[in-house]
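Every chain is numbered from 1, with letters handed out A, B, ... down the list of sequences. Computed from a predicted model, the values in this text were never measured in an experiment.
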Number of protein chains: 2
Amino acid sequence: MNEDLTSPGNTPHSLPSRRRLHMTDIARLAGVSASTVSRALNGSPLISDETRIRIAELARSLNYTVHTAARNLRSGNNRTIAVVVPYQTPTRQHISDPFFLGMLGSLADSLTDQGYDMLLSRVDAEHLVEAAQLYESGRVAGIILIGQWHHHDQLNELAVKNIPLAVWGALLPRQLYCTVGSDNLEGGKLATGHLLESGRRRIAFFGDIAFPEVAQRYQGYLQAHQQFGLQPPSELLVKTPFLAAGVREIVTYLLIHKHGFDAVFACSDLLAMTVISTLGKHGLAIPHDVAVVGYDDIALSEYFPPSLSTVRQPLEKGGQMLVNILLQQLAGTQRPQSVVLPTQLIVRESSQLD
Amino acid sequence: MNEDLTSPGNTPHSLPSRRRLHMTDIARLAGVSASTVSRALNGSPLISDETRIRIAELARSLNYTVHTAARNLRSGNNRTIAVVVPYQTPTRQHISDPFFLGMLGSLADSLTDQGYDMLLSRVDAEHLVEAAQLYESGRVAGIILIGQWHHHDQLNELAVKNIPLAVWGALLPRQLYCTVGSDNLEGGKLATGHLLESGRRRIAFFGDIAFPEVAQRYQGYLQAHQQFGLQPPSELLVKTPFLAAGVREIVTYLLIHKHGFDAVFACSDLLAMTVISTLGKHGLAIPHDVAVVGYDDIALSEYFPPSLSTVRQPLEKGGQMLVNILLQQLAGTQRPQSVVLPTQLIVRESSQLD
DNA sequence: ATGCAGATTGCAATCGATTGCATAATTAGG
DNA sequence: CCTAATTATGCAATCGATTGCAATCTGCAT
C-alpha cells in the first residue's frame, strides 16, 4: 500500500520529473487489476460497491485522472464538441459583437453541464466544409456553428456527410441541418410595429438581407407595414457593411441626400449604437428626431445613452437548445426538429414616445 | 487502385453507414505499409519525395485525416491548449465584457497559426486548481488563463505542479507563473496625468483594487497625483461591484452625498460607459461637468456618445505573447520571462478640453 | 558475379485505457 | 463435503496511429 511511485520504475533512464499516474499504478496500489479499476471508475455494475468506493477514493486521493486520448481511442466515445465561429475572409477580423460572447458563455455552460468539453475553432466562412475535418479526424463528436451567414449550401454539405451539426441561425426551406434561432419574422414585426404605432412613417431598415436571419427580420418589417396599409420606400432599405466606420459613411450619405427618415430598425444592437452615435454627430436628437430600435439586447443596451429599445433574443435558452439538439443527434438516429425561440420587444428611451 | 471502400470489409456485421477511413486503407490503396503512410504524412526524411507526394495526394483526394486521439496517444504530442476563463462562484454569470471576446479571438488566431487547437473551459474562480485536471488527464498540453482576479496563490499552486501555464494579468512579487499584461502602472499614470493636465482636480477612481491589475492602475493614479504635488482624497476611491446596476447606485450615492468630482478614471471601458450613462441621467454633461477616461479601448468606445477616452491595451499582441510564452514552456525547460506590454492613451470626446 | 553503402520500406512493439470471455471466489442447496 | 449458480475479478485483445530496428532494394565499384 505504500509503494513509492517516484522510484525509477520500468523506464531504465527515468527522469527526475515524476511520471504521470497510470491506471495500472492505481490498480497496483489497490491490489487489483487495471480492468477492475477501469470498471470501478466507470461505474460498471460488475464491480462490488465496496471495491468501487475503495478505488474511487484511492484515485481521488492520488489526484488520478483517466487519460482522455486513450479512453477515446479504445471506447470510441468522444466527449468534445466543436463550437465553430466563421470569419469573413477579406478582413479576417475578430467578431466584436458582444452577442457572440453571450452565446459562447451559454454554450460553455450547457456543454459543461452535460459533461462535454468545448473546442473553440474559427474557420474561413468561404470554406466551412473544412470544419468537417474536426469531426472526421475523431477530434470532436459533433459541431455547433454560430453564424449561418449566407452559407446555406455549405451547411447542407456538412449535413449530407452525416456530421452531427447544430447551427444558430434562421430556419430555411430545403434545409438538411438543424437550426436554433429566434423568431426573426416576429421580431422584425414587433420592432417595426412598435415604431409605426408611435407614429413614425419613414422607418429605415439597417442590415444586409443577404443573411437569412436579416432577411427574415426584413420580412417582418414589411409585414408590419402591410398591417398598417403602408408600403416602405425602397431607398430606406439600407445595406450595411461590417465595419462601424462604413456605417458612419452610409448614415452621412443618407442625410446629405435627404433620404429623410424618422426611425431606424437596426438588425443588431451594435449597429444601432453606431447609427445613434452618428446621428448625434449630425445634430439629430434621439428619439425626438429619429427613433431607433435594435436587435439582440446585449448587456450594454440598457446603459447606452439613450438606453436602447431592442428585440431580445433568448440567449441562455438558445445555447441550451443548441446543445440539446446536438446531443439528440448523437444519441438517436433521427434528425431532431429545428427550434424557433420567441423574441421579446424591450422598449427603452431610444424609441420612447416624446 | 480501385478497391471499394464501402464494401463490408473486415467487420462481420458491417453497418450501412460507411466506416471512417483508416491509415491502413490509405496504405492499401497506395500499395505501401501504414508505416510509410505515417512517415509520408508527417514529412519524415526517410520517405522519397515521389512516394511522399503520391501518398499526400491520395490522402487529400480521399479526404483522409489522421485520428487525433490515436496520434496523441502514441506520440505523446498533444496539440491542444486550454483557455480557461474563471467565473465568480455566487453569480456564475457570464463575462459580458467585450474585452474578453477580443482576447479570445486573438488567442484563437495565434493558436491556429501555430497549429494548436483551443479548448475553451470555464472553471470556478474559487477552485482554479481544478484546471490542473485538464493537463493531468493529458487533455491539453498547457493552459492559458484569462482573468487573474485575486487568485495569485491558486495560480502559484498550478505552477508548482509544473503545469505549462500563461496568465493574462499583472506581474506580482513572488510569482511562480508567467504573466502577460499591459503596463497597468503606466496606464494609470497616463490616464490620470491627462485628466490632471486638463485642469481636473477631483478625480474619482472606479474599480476594485482587490484585483492586482486594478491595484496597479490605482498606483499609477496616485503617482500621477504626486507628480502634480497632489494627494487624492480617499472618498474618491470608489470600489465598484460587478453588476452594472450596482454601479448606478454607487454613482447616485456619490452625487447625493456631495462627494463632488470633476473627473472619473474607470478601470474598464464598460464601467466607464455605465458611469457616463448614469451621470447623464443626473443631468451632468460629459466632459463639461465630468471628464471620463476608461481602460481597454474596446471597439465600441469610439462610437459611444460621447466617444470614450481610454487606455488601449494591445490585444492582438497580448494574445500572441500568451501563446508564445506557453509554447516556450512546452519547448524548453526554463521558465520564460513574463511580459509587460506598453499601453497607449487614446483621447476622445469624453475627456476633451472644453 | 559479388559485395557493400546508402536509400527506402515493412514488421512488430507500443501508447493507456476498455471490454469480451474465461476464471476464481463465494454462496446455497443437497 | 461436493456441485451448481452466482458474483467478482483478471487475462489478453483491441482502438489507430507512431517509431526503433531489421530487411530489402538499388546502383556502383571490385
Side-chain angles (χ1 to χ4, degrees), chain A residues 5 9-13 19-56 58-59 62 64-79 133 135-139 141, chain B residues 5 9-13 15 19-55 58-59 62 64-79 133 135-139 141:
Chain A
L5 279 175
N10 306 336
T11 36
H13 314 291
R19 193 170 50 104
R20 201 200 296 283
L21 221 48
H22 293 180
M23 191 171 272
T24 48
D25 297 321
I26 306 293
R28 194 158 30 84
L29 293 173
V32 297
S33 73
S35 325
T36 303
V37 174
S38 171
R39 282 191 266 254
L41 294 179
N42 288 310
S44 155
L46 291 176
I47 302 296
S48 69
D49 286 349
E50 183 248 325
T51 312
R52 184 200 327 290
I53 291 170
R54 188 164 54 88
I55 292 179
L58 178 63
L62 292 177
Y64 167 77
T65 329
V66 176
H67 186 104
T68 318
R71 154 184 285 169
N72 176 341
L73 178 58
R74 174 59 232 240
S75 71
N77 282 329
N78 188 329
R79 303 212 37 111
Q133 295 217 338
Y135 177 74
E136 280 164 355
S137 66
R139 194 84 193 66
Chain B
L5 280 174
N10 306 337
T11 37
H13 314 291
L15 302 166
R19 195 171 50 103
R20 200 200 297 283
L21 221 49
H22 294 179
M23 191 171 272
T24 48
D25 297 322
I26 306 293
R28 193 158 30 83
L29 292 174
V32 297
S33 72
S35 323
T36 302
V37 175
S38 172
R39 283 192 265 254
L41 294 180
N42 288 312
S44 156
L46 291 177
I47 302 296
S48 69
D49 286 347
E50 184 249 324
T51 312
R52 185 201 327 289
I53 291 170
R54 189 163 54 88
I55 292 179
L58 179 63
L62 292 176
Y64 168 77
T65 329
V66 176
H67 187 104
T68 318
R71 152 183 288 169
N72 177 346
L73 178 58
R74 174 58 230 242
S75 70
N77 283 328
N78 187 330
R79 314 252 330 152
Q133 296 218 337
Y135 177 75
E136 280 163 356
S137 66
R139 196 83 193 67

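Distance, A:Leu46 CG to C:dA25 P: 18 Å, rounded to whole Å. Straight-line distance from the CZ atom of B:Arg54 to the P atom of C:dT8: 13 Å, rounded to whole Å.
Heavy atoms only, all atoms of each residue included: B:Arg54 and B:Ala30 are closest at NH1-O, 3.0 Å. Minimum heavy-atom separation, B:Ser137 to A:Thr65: CB-CG2, 3.6 Å.
When atom types are taken as modelled, the side chain of B:Asp25 and the backbone of B:His22 share a donor-acceptor pair closer than 3.5 angstrom. Judged purely by atom type and a 3.5 angstrom limit, A:Asn72 has no side-chain atom pairing as donor or acceptor with the backbone of A:Thr68. At distances below 3.5 Å, not a single donor-acceptor pair connects side-chain atoms of B:Ser44 with backbone N or O atoms of B:Ala40.
Map B:Arg74 and B:Ile47 each onto its nearest nucleotide of DNA chain C; the residue landing nearer the 5' end is B:Ile47. A residue-by-residue look at A:Thr51 and B:Met23 shows that A:Thr51 has its nearest nucleotide of DNA chain D further toward the 5' end. Between B:Thr65 and B:Arg39, the residue whose closest nucleotide on DNA chain D is further toward the 5' end is B:Thr65.
A:Asn72 comes within contact range of no nucleotide atom at all, as no heavy-atom separation falls under 4.0 Å. Here B:Ser35 lies in heavy-atom contact (under 4.0 Å) with a base.
If you walk DNA chain D from 5' to 3' and mark each nucleotide with an atom closer than 4.0 Å to a heavy atom of chain A, the marks span D:dA8 to D:dG16.
Within the structure, every pair that satisfies the salt bridge (Lys or Arg N to Asp or Glu O under 4.0 Å) test and touches residues 40-49 of chain A, not counting sequence neighbours, is listed here: A:Asp49-A:Arg52.
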